[in-house]
Novice: 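Below: one structure in structure tokens.
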Amino acid sequence: MKNYKRIIIAFIITLIPLFLVACGEKEQDTKSLKTGLKPTEINNEAFKKIFPLHYASYLKNNEMEDTKYGGSKPRSKFSLDKEPLLPILFNGYAFATDYNEERGHTYSLEDITKTLRVSDKTTGSCMTCKSTASPVLIQEMGDHFWKANFRNEVLPKVDAKGHNSVGCSDCHDPVNMNLRITRPMFITAMKERGIDVTKASRNDMRSYVCGQCHVEYYFKATTNKVTFPWKNGFKAENMYQYYEDEKANGFMKDFAHSLSGTPILKGQHPDFEMFMEGPHAKAGVSCSDCHMEYEREDNGKKISSHFWTSPLKTMDTSCGTCHSSRDMDDLKTQVIGIQTTYKEALDRAQDISTDAHYYVNKMITTGVDSTKVSSAQEQIRLGQWLWDFCAAENSTGFHNAQGSMDNLMKSTNASNKAIQIATEELVKKGVNIDTLKSEIEKAKAAVVGEKDTSKKHTFATNDYFPAQKQVITPIK
Ligand code: HEC
Ligand code: HEC
Ligand code: HEC
Ligand code: HEC
């Protein structure tokens, strides 16, 4: 069996250069196009007349269909088969009140205006990746954009511009349809990594356009500017170190956890970073190879699909082009297998991370020495970050199976260390660990059992585990 696998891998590797040539070939080179559109065009309707096939393909993003682990039906991440302990892990933060699975590009504006996470205090930063008008506003408003009020200032401004959810102008120069980067923080962050994106190859651009939005980010202290923490690298641990260093610049946390008081970092969809460290990116495969496969239209023309969805729905065209020696049903079973192993590890890490918050809550309420509390909190912060980096990533482990499993193992180790530190101190204080454990299970059951997703978080704390801070920190 092992040998069989090795032969296949060797076979694939020998064919890599072939794949890259075959898969990079394009029906239509955008370099020769002249659209007649103005360079500032941000409305999809204007592109519709010139590229009706692409526009029609784009509209398919409205379709909603789930796969075993992914997909696009509007669903709460708190669902039993998803991540039911999130209202505890994000307790004290707006993510504990409302957090849904992502869906198609055409829904981003609807979803951002509807989520309970957006409050009266939410700022312009949250609009950055949701509207085709954001790059224009960033230019017009300068650094005020990041701090401007989301509902009262930024939303009316983008609406007035006739914009769209993630649209043509986000990735294409309207004049000639060349791929382009429109989000300035991507350019800055890549420069910090020594990469000049103006010199990027077309193949790199086929991932970079996605890397503008499908990434980890934070709001810089004082300016509130959306920033990508990539200076040290794309791995979860590189970014953890970045955030440790960023404390000196005033960025301590995304929120303080209401059970353990830990300053927590919230991970944000690091699809690009996780992918870049995985086997496909290392072999020169781009996001668009799988997510923008060729579509054959009725008139026989081939276009790059603009329906960004699960490639598991289009295995023949998304994967079969390169893995032509494989049976597609077989390959799909392999993917689901990778995802299932990953999901089990994710659930385990999530569970232990949750327990750790309760143990540290008990340390605080029984008056354990604060240096011991801090050292347990440090392990919680690291453990939750490593877990969330995977949980917030959208491929259920596929983009980088090995890297994801490594993160989850390290996450589990760190959370277990927090529990170990707590247990030693709590035993000294005479706390009954069996009682503690059963109270933890009761609290978890109460959260999971509540049907109203927006109320689940209120059951995470109780008389036995009193909240350390009652307020919910809004998303800035
Ligand atoms: C080798 C093929 C491949 C490449 C390249 C690839 N992906 Fe994926 N992607 C997948 C698969 C497979 C899934 C899992 C889909 C599922 O579970 O239904 C996925 C899932 C996703 C999802 C979630 C989709 C859903 O239905 O929930 C997003 C978002 C995503 N990828 C973005 C990206 C981005 C951004 C890049 C480049 C940085 C990228 N992908 C590169 C194969 C790929
Ligand atoms: C999220 C990024 C993104 C958005 C949004 C987007 N495109 Fe594309 N588009 C791409 C990529 C990537 C390619 C492949 C380019 C290549 O291989 O050189 C592409 C290719 C094209 C091409 C070249 C022909 C082809 O099929 O490969 C046309 C024309 C095009 N897009 C039109 C549109 C139109 C019209 C819209 C809006 C309705 C749009 N695109 C929205 C990323 C995007
Ligand atoms: C301007 C920002 C932006 C860019 C550029 C962008 N995306 Fe997205 N993408 C989003 C947002 C926001 C969502 C979630 C929308 C929602 O849930 O309402 C999303 C969702 C998705 C999904 C999930 C669809 C589903 O059915 O669950 C996939 C897959 C995806 N993007 C792939 C890509 C790929 C591949 C590229 C590059 C070719 C890309 N995106 C470029 C912002 C962007
Ligand atoms: C552009 C070419 C290309 C496309 C498209 C592509 N692959 Fe791959 N794939 C490769 C190459 C090359 C490797 C070998 C990478 C290595 O082993 O270093 C690979 C390796 C793999 C592996 C083994 C490595 C791992 O992650 O365990 C799996 C599984 C896989 N691909 C699944 C898929 C699926 C599923 C799709 C479609 C969603 C897909 N591939 C699309 C080129 C591609």
Side-chain angles (χ1 to χ4, degrees), residues 8-9 12-13 15-16 19-20 22-24 26-31 33 35 44 47-48 50-55 57-59 61 63-66 70-74 100-112 128-132 134-135 164-172 177-179 182-183 202-203 205-214 269 271 278-280 282-295 301-312 314-315 318-323 326 328 331-332 334-335 338 394-395 398-402:
I8 290 193
I9 289 175
I12 290 174
I13 289 173
L15 288 184
I16 288 174
F19 294 140
L20 297 181
C23 300
K26 280 276 145 184
E27 172 85 353
Q28 187 178 6
D29 190 340
T30 53
K31 283 252 154 52
L33 283 172
T35 61
N44 287 342
F47 295 81
K48 179 181 175 181
I50 313 167
F51 304 107
L53 297 178
H54 291 83
Y55 186 82
S57 176
Y58 172 87
L59 282 189
N61 290 293
E63 289 173 18
M64 290 178 268
E65 188 196 334
D66 271 350
S72 36
K73 289 207 174 128
N100 293 324
E101 287 293 330
E102 86 297 350
R103 54 177 176 155
H105 279 165
T106 41
Y107 291 106
S108 71
L109 279 169
E110 180 186 331
D111 290 344
I112 184 114
T128 310
C129 282
K130 305 297 190 295
S131 160
T132 54
S134 298
N164 296 103
S165 287
V166 190
C168 318
S169 62
D170 281 326
C171 304
H172 292 288
M177 298 306 275
N178 284 345
L179 291 180
T182 45
R183 304 308 193 269
R202 174 159 150 199
N203 192 50
M205 286 301 280
R206 287 158 53 84
S207 291
Y208 288 179
V209 286
C210 320
Q212 308 183 78
C213 302
H214 287 267
H269 39 72
D271 302 327
H280 278 102
K282 302 265 187 228
V285 181
S286 74
C287 310
S288 309
D289 286 326
C290 295
H291 287 281
M292 297 186 69
E293 71 291 350
Y294 284 125
E295 245 176 25
K301 259 194 181 168
K302 270 201 295 184
I303 66 160
S304 306
S305 167
H306 280 59
F307 179 16
W308 298 274
T309 185
S310 166
L312 299 184
T314 48
M315 294 285 295
S318 288
C319 322
T321 36
C322 295
H323 295 284
R326 295 282 307 265
M328 283 303 120
L331 186 61
K332 189 167 177 173
Q334 190 187 344
V335 174
I338 292 170
N394 282 304
S395 69
F398 174 78
H399 290 149
N400 181 355
Q402 189 61 51

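Atoms within each ligand, like the ligands themselves, are counted from 1 in listed order. Because only heavy atoms are used, hydrogens play no part in the values below, and waters and symmetry mates are left out as well, while side chains stay in.
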Novice: So if I count the atoms of ligand 4 from 1 in the order they appear, which ones are less than 4.0 Å from some heavy atom of Pro311?
Specialist: 38 (C)
Novice: Looking only at non-hydrogen atoms, which of His291, His323, Met328 approaches atom 19 (C) of ligand 4 most closely?
Specialist: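 Checking each option, the heavy atom nearest atom 19 (C) of ligand 4 is found in His323.
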Novice: Answer whether the closest heavy-atom distance between the side chains of Ile303 and Ser57 falls below 4.5 Å.
Specialist: yes
Novice: Please classify the Arg202 to ligand 2 contact at 4.0 Å (heavy-atom distances, strictly less than): side chain, backbone, both or neither.
Specialist: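 The answer is the side chain.
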Novice: Looking only at heavy atoms, is any part of Leu179 under 4.0 Å from ligand 2, and if so is it the side chain, the backbone, or both, or is it neither?
Specialist: side chain
Novice: Can you find a non-hydrogen atom of Gly71 under 4.0 Å from ligand 3?
Specialist: yes
Novice: Using a 3.5 Å distance criterion without hydrogens, assess whether the side chain of Arg183 forms a donor-acceptor pair with backbone atoms of Cys213.
Specialist: no
Novice: Check whether any side-chain heavy atom of Val335 lies under 4.5 Å from a side-chain heavy atom of Leu312, and answer yes or no.
Specialist: yes
Novice: Please find out if atom 8 (Fe) of ligand 2 and some N, O or S atom of His54 are separated by less than 2.8 Å.
Specialist: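 No, outside the cut-off.
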Novice: May I ask you to decide if Ser169's main-chain N or O and Thr132's side chain share a donor-acceptor pair within less than 3.5 Å?
Specialist: no
Novice: Where the side chain of Asp271 meets the backbone of Asn394, is there a donor-acceptor pair that is under 3.5 Å apart?
Specialist: yes
Novice: Using a strict cut-off of 4.0 Å, indicate which atoms of ligand 2 neighbour a heavy atom of Gly167.
Specialist: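 Selected atoms, number and element: 5 (C).
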Novice: Of all N/O/S atoms in His172, which lies nearest to atom 8 (Fe) of ligand 2?
Specialist: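 So the atom name we want here is NE2.
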Novice: Less than 4.5 Å apart, side chain to side chain, heavy atoms only: is that true for Glu110 and Arg103?
Specialist: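 Glu110 reaches Arg103 side chain to side chain.
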Novice: Of all the atoms in ligand 3, which lie at a distance below 4.0 Å from a heavy atom belonging to Tyr107?
Specialist: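 The list of qualifying atoms is 18 (O).
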Novice: Of all residues at least two apart in sequence or in a different chain, which pass the side chain to side chain donor-acceptor pair (under 3.5 Å) check with Ser108?
Specialist: Ser165
Novice: With heavy-atom distances below 4.0 Å as the criterion, list the atoms of ligand 2 near Cys171.
Specialist: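 Within the 4.0 Å cut-off of Cys171, ligand 2 contributes 1 (C), 2 (C), 3 (C), 4 (C), 5 (C), 42 (C), 43 (C).
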Novice: Please could you name the atoms of ligand 4 that Val335 approaches to less than 4.0 Å, counting only its heavy atoms?
Specialist: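 Reading through ligand 4 atom by atom, the close ones are 35 (C).
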Novice: Would you call Ala401 a ligand 4 contact, heavy-atom distance under 4.0 Å?
Specialist: no
Novice: Can you tell me if Asp66 uses its side chain to pair, donor with acceptor, with the backbone of Ser72 under 3.5 Å?
Specialist: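 Looks like yes, one N/O pair under 3.5 Å.
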Novice: When you measure from the heavy atoms of Arg206 to every atom of ligand 3, does any distance fall below 4.0 Å?
Specialist: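 Outside the 4.0 Å threshold, so no.
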Novice: Can Gln334 be said to touch ligand 4, with heavy atoms closer than 4.0 Å?
Specialist: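 For ligand 4, residue contact (heavy atoms, under 4.0 Å) with Gln334 is present.
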Novice: For Ser288, take its heavy atoms, then give the atoms of ligand 2 lying under 4.0 Å from any of them.
Specialist: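 Here the atoms of ligand 2 in question are 12 (C).
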Novice: For ligand 4, which part of Ala283 has a heavy atom less than 4.0 Å away: the side chain, the backbone, both, or neither?
Specialist: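 Side chain only.
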Novice: Counting from 1, what ligand 3 atoms have a heavy atom of Arg183 closer than 4.0 Å?
Specialist: 1 (C)
Novice: List every atom of ligand 4 that sits less than 4.0 Å from any heavy atom of Val285, numbering the atoms from 1 in the order shown and giving each element.
Specialist: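 Reading through ligand 4 atom by atom, the close ones are 1 (C), 2 (C), 3 (C), 42 (C), 43 (C).
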Novice: Got a sec, which residues hit side chain to side chain donor-acceptor pair (under 3.5 Å) with Asn44, two or more places apart in sequence or on another chain?
Specialist: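 Tyr58.
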Novice: Pick one of side chain, backbone, both or neither for how Ile303 approaches ligand 2, counting any non-hydrogen atom pair under 4.0 Å.
Specialist: both
Novice: Could you label the plane-to-plane angle of the His399 and His291 rings as parallel, tilted or perpendicular, counting under 30° as parallel and over 60° as perpendicular?
Specialist: perpendicular
Novice: Give the residue and atom name of whichever protein heavy atom lies nearest to atom 18 (O) of ligand 3, and the separation in Å to one decimal.
Specialist: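 Residue, atom and distance for the closest contact: Asp111 OD2, 2.6 Å.
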Novice: Would you check if the side chain of Glu102 reaches a backbone N or O of His269 as a donor-acceptor pair within less than 3.5 Å?
Specialist: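 No; zero donor-acceptor contacts below 3.5 Å.
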Novice: Examine the proximity of ligand 2 to Cys168 and report which part, side chain or backbone, both or neither, has a heavy atom under 4.0 Å away.
Specialist: both
Novice: Below 3.5 angstrom, do we get any N/O pair linking Ser304 and ligand 2?
Specialist: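 So ligand 2 has an N or O lying under 3.5 Å from an N or O of Ser304.
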Novice: Identify the closest protein heavy atom to atom 20 (C) of ligand 3: which residue and atom is it, and at what distance?
Specialist: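 Residue, atom and distance for the closest contact: Arg103 O, 3.3 Å.
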Novice: Taking the side chain as every heavy atom from C-beta outward, state whether Phe47 and Thr35 have any pair of such atoms under 4.5 Å apart.
Specialist: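 Side-chain contact under 4.5 Å: no.
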Novice: With a heavy-atom distance limit of 4.0 Å, tell me whether Met292 approaches ligand 3 through its side chain, its backbone, both, or neither.
Specialist: side chain
Novice: Determine whether the side chain, the backbone, both or neither of Lys130 has a heavy atom under 4.0 Å from any heavy atom of ligand 3.
Specialist: side chain
Novice: Please give the atom name: the N, O or S atom of His280 nearest to atom 8 (Fe) of ligand 4.
Specialist: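 Of all N, O or S atoms in His280, atom 8 (Fe) of ligand 4 lies closest to NE2.
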Novice: In terms of ring plane angle, is the pair Phe398 and His280 parallel, tilted or perpendicular, where the classes change at 30° and 60°?
Specialist: tilted
Novice: I need the contact type for Lys302 against ligand 2. Using non-hydrogen atoms and a strict under-4.0 Å cut-off, is it side chain, backbone, both or neither?
Specialist: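 No part of Lys302 comes within reach of ligand 2.
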Novice: Are side-chain heavy atoms of Phe307 and Glu63 found at a separation under 4.5 Å?
Specialist: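 Phe307 vs Glu63: side chains touch.
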Novice: Protein N, O or S atoms less than 2.8 Å from atom 8 (Fe) of ligand 3, ignoring waters?
Specialist: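 Listed by chain and number, the atoms are His105 NE2, His214 NE2.
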Novice: Which residue and atom name correspond to the protein heavy atom nearest atom 5 (C) of ligand 3, and how close is it?
Specialist: Val209 O, 3.2 Å
Novice: Are Met292 and His306 side-chain neighbours, meaning at least one heavy-atom pair lies under 4.5 Å?
Specialist: yes
Novice: So, taking the atom named CD1 in Ile50 and the one named SG in Cys168, what distance separates them when rounded to the nearest 0.5 Å?
Specialist: 9.5 Å
Novice: Can you report which non-hydrogen protein atom sits closest to atom 26 (O) of ligand 3, along with the distance?
Specialist: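 Among all protein heavy atoms, the one nearest atom 26 (O) of ligand 3 is Ser72 CB, 2.8 Å.
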Novice: Walk me through it: do Cys319 and Leu331 pass the test side chain to side chain contact (heavy atoms under 4.5 Å, CB included)?
Specialist: CA-CA 9 Å; Cys319 322; Leu331 186 61; 3.9 Å; yes
Novice: For the backbone of Pro311 and the side chain of Glu293, can you confirm whether one donor and one acceptor N or O come within less than 3.5 Å of each other?
Specialist: no
Novice: Quick one: are Val166 and Lys130 in side-chain contact, heavy atoms under 4.5 Å?
Specialist: no
Novice: Once side chain to side chain donor-acceptor pair (under 3.5 Å) is applied, do any residues pair with Gln402, and if so which ones, sequence neighbours excluded?
Specialist: Asp406
Novice: Okay, side chain of Thr182, backbone of Asp170: is any donor-acceptor separation there less than 3.5 Å?
Specialist: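 Yes; judged by distance alone, with no hydrogens or angles, the pair exists.
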Novice: Which atoms of ligand 4 have any heavy atom of Pro279 under 4.0 Å away?
Specialist: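 Under 4.0 Å from Pro279, ligand 4 has these atoms: 15 (C), 26 (O).
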